[in-house]
Asker: 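Sharing a structure below in structure tokens format, with a few things to ask.
Quick caveat, the model's predicted, so the values are computed rather than measured. Worth knowing before you read on, the calculation uses all heavy atoms, side chains too, and leaves out hydrogens, waters and symmetry mates.
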Amino acid sequence: MRYGIAFRLKMLDNRIRRAMDARTRIHESGLTPQQTLVIRYLSEHADRDVFQRDFETEFRITRATISNTLSLMEKRGLIRRESVEQDARLKKLTLTEQGRAVHARAVAAINEINDCLESALTPEEKEALLRSLDKMENALNQRTEDGV
């Protein structure tokens, strides 16, 4: 039986999550894959203010999902929420020393999985896949905007 694209992508996503989870939990004392991505994003954008809405947009997740993730990370001492001068309601997010300390090891786990996936493709196949994924995402975005 041949499954559809959405099903196959979901199964691959599940497999990637399990692989990331195994590596990050072993290497990062219990970080979830999503927490690892948050740490990476904060580290890569340390030159500007980052807010919760940036994660909602970048990772295409709900406010509730990222709020729960950030709250857990704050409790664990990985991130800090700081008020901004122009609007006390806004809280910029920064890595703590502990968060910065785990960054390099977390990135190594992500890179290991990405390298494994990319090694299965030729450069041409990789480019074709990325173009196809962009097309599928755009199609879903269009449908969502149209209320479907």
Asker: Drop me the distance from Ser83's OG to Lys92's NZ, to the nearest 0.5 angstrom.
Answerer: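 Rounded to the nearest 0.5 Å, the OG-NZ separation comes out at 10.0 Å.
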Asker: Between Asn14 and Arg18, does a side-chain contact (heavy atoms from CB on, under 4.5 Å) hold up when you go through it step by step?
Answerer: CA-CA 6 Å; Asn14 289 344; Arg18 283 193 306 272; 3.7 Å; yes
Asker: Does Asp54 offer a backbone N or O that forms a donor-acceptor pair with the side chain of Thr57 under 3.5 Å?
Answerer: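 Side chain of Thr57 to backbone of Asp54, a donor-acceptor pair under 3.5 Å: no, none is there.
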Asker: So which atom in Ile39 and which in Leu95 form the shortest heavy-atom distance, rounded to 0.1 Å?
Answerer: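 Of all heavy-atom pairs spanning Ile39 and Leu95, the closest is O-CD1, 3.8 Å.
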Asker: Enter the distance from Lys91:NZ to Glu74:CD here, rounded to the nearest 0.5 Å.
Answerer: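 Answer rounded to 0.5 Å: 9.5 Å.
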Asker: Apply side-chain contact (heavy atoms from CB on, under 4.5 Å) to residues Leu42 and Phe55 and explain how you reach the verdict.
Answerer: CA-CA 10 Å; Leu42 286 172; Phe55 292 107; 3.8 Å; yes
Asker: Within a radius of less than 6.0 Å around CD of Glu85, do more than 12 heavy atoms belonging to other residues, nucleotides or ligands occur?
Answerer: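 Check fails, neighbour count at 12 or below.
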Asker: Is it the case that the side chain of Thr96 and the backbone of Leu78 share a donor-acceptor pair, with hydrogens and angles ignored and the cut-off at 3.5 Å?
Answerer: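 Here the side-chain-to-backbone pair exists.
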Asker: Heavy-atom count check: over 12 atoms from other residues, nucleotides or ligands less than 6.0 Å from Arg80 CZ?
Answerer: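 Atom CZ in Arg80 is crowded, with more than 12 foreign heavy atoms closer than 6.0 Å.
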Asker: So which heavy atom on Leu93 is nearest to which on Gln52, and how close?
Answerer: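 Leu93 and Gln52 have their closest heavy atoms at CD1-N, 3.7 Å.
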Asker: In plain terms, say whether Glu97 and Arg100 are close enough for a salt bridge, that is, a side-chain N and a carboxylate O under 4.0 Å apart.
Answerer: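 Counted as a salt bridge, because a side-chain N and a carboxylate O are separated by less than 4.0 Å.
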Asker: Specify the closest pair of heavy atoms between Arg40 and His103, including all atoms of both residues, with the distance to one decimal.
Answerer: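 Taking Arg40 first and His103 second, the nearest heavy atoms are CA-CD2, 3.8 Å.
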Asker: If hydrophobic clusters are built by linking Ile, Leu, Val, Met, Phe, Trp and Tyr wherever their side-chain heavy atoms come under 4.5 Å apart, do Leu130 and Leu117 end up in the same one?
Answerer: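 As far as the 4.5 Å side-chain criterion goes, Leu117 and Leu130 are not connected within one cluster.
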Asker: Would you give the length of the straight line joining atom CD1 of Ile66 to atom CG of Leu70, rounded to the nearest 0.5 angstrom?
Answerer: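 The distance works out to 4.0 Å.
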Asker: Identify whether Ile61 and Leu37 are in the same connected component of the hydrophobic contact network (ILVMFWY, side-chain heavy atoms under 4.5 Å).
Answerer: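 Looking at the clustering, Leu37 is in the same group as Ile61.
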Asker: Taking all non-hydrogen atoms of both residues into account, name the closest pair between Leu90 and Phe51 and its distance.
Answerer: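 Of all heavy-atom pairs spanning Leu90 and Phe51, the closest is CB-CE2, 4.0 Å.
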Asker: Could you state the interatomic distance from CD1 (Ile16) to CD1 (Ile113), rounded to the nearest 0.5 Å?
Answerer: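 Answer for the CD1-CD1 pair, Ile16 versus Ile113, is 8.0 Å.
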Asker: Are the charged groups of Asp134 and Arg131 less than 4.0 angstrom apart, N to O?
Answerer: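 Not counted as a salt bridge, because no side-chain N and carboxylate O are separated by less than 4.0 Å.
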Asker: Is it true that Leu121 and Leu9 fall in one hydrophobic cluster, defined by side-chain heavy atoms closer than 4.5 Å?
Answerer: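 Same hydrophobic cluster.
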Asker: Are Ile5 and Leu140 linked, directly or through intermediate hydrophobic residues, by side-chain heavy-atom contacts shorter than 4.5 Å (ILVMFWY only)?
Answerer: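 Leu140 and Ile5: separate clusters.
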Asker: Closest approach of Arg76 and Gln98, non-hydrogen atoms and distance?
Answerer: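 Heavy atoms only, the tightest pair is O-OE1, 3.3 Å.
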Asker: Would you indicate whether the side-chain heavy atoms of Ser67 and Glu56 approach each other to under 4.5 Å?
Answerer: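 A side-chain contact under 4.5 Å is absent here.
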Asker: Would a single hydrophobic cluster contain both Leu72 and Val102, if residues Ile, Leu, Val, Met, Phe, Trp and Tyr are joined by side-chain heavy-atom contacts under 4.5 Å?
Answerer: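 In one cluster with Val102: Leu72, no.
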Asker: How long is the span from the OG atom in Ser119 to the CG atom in Asn114, to the nearest 0.5 Å?
Answerer: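 Rounded to the nearest 0.5 Å, the OG-CG separation comes to 10.0 Å.
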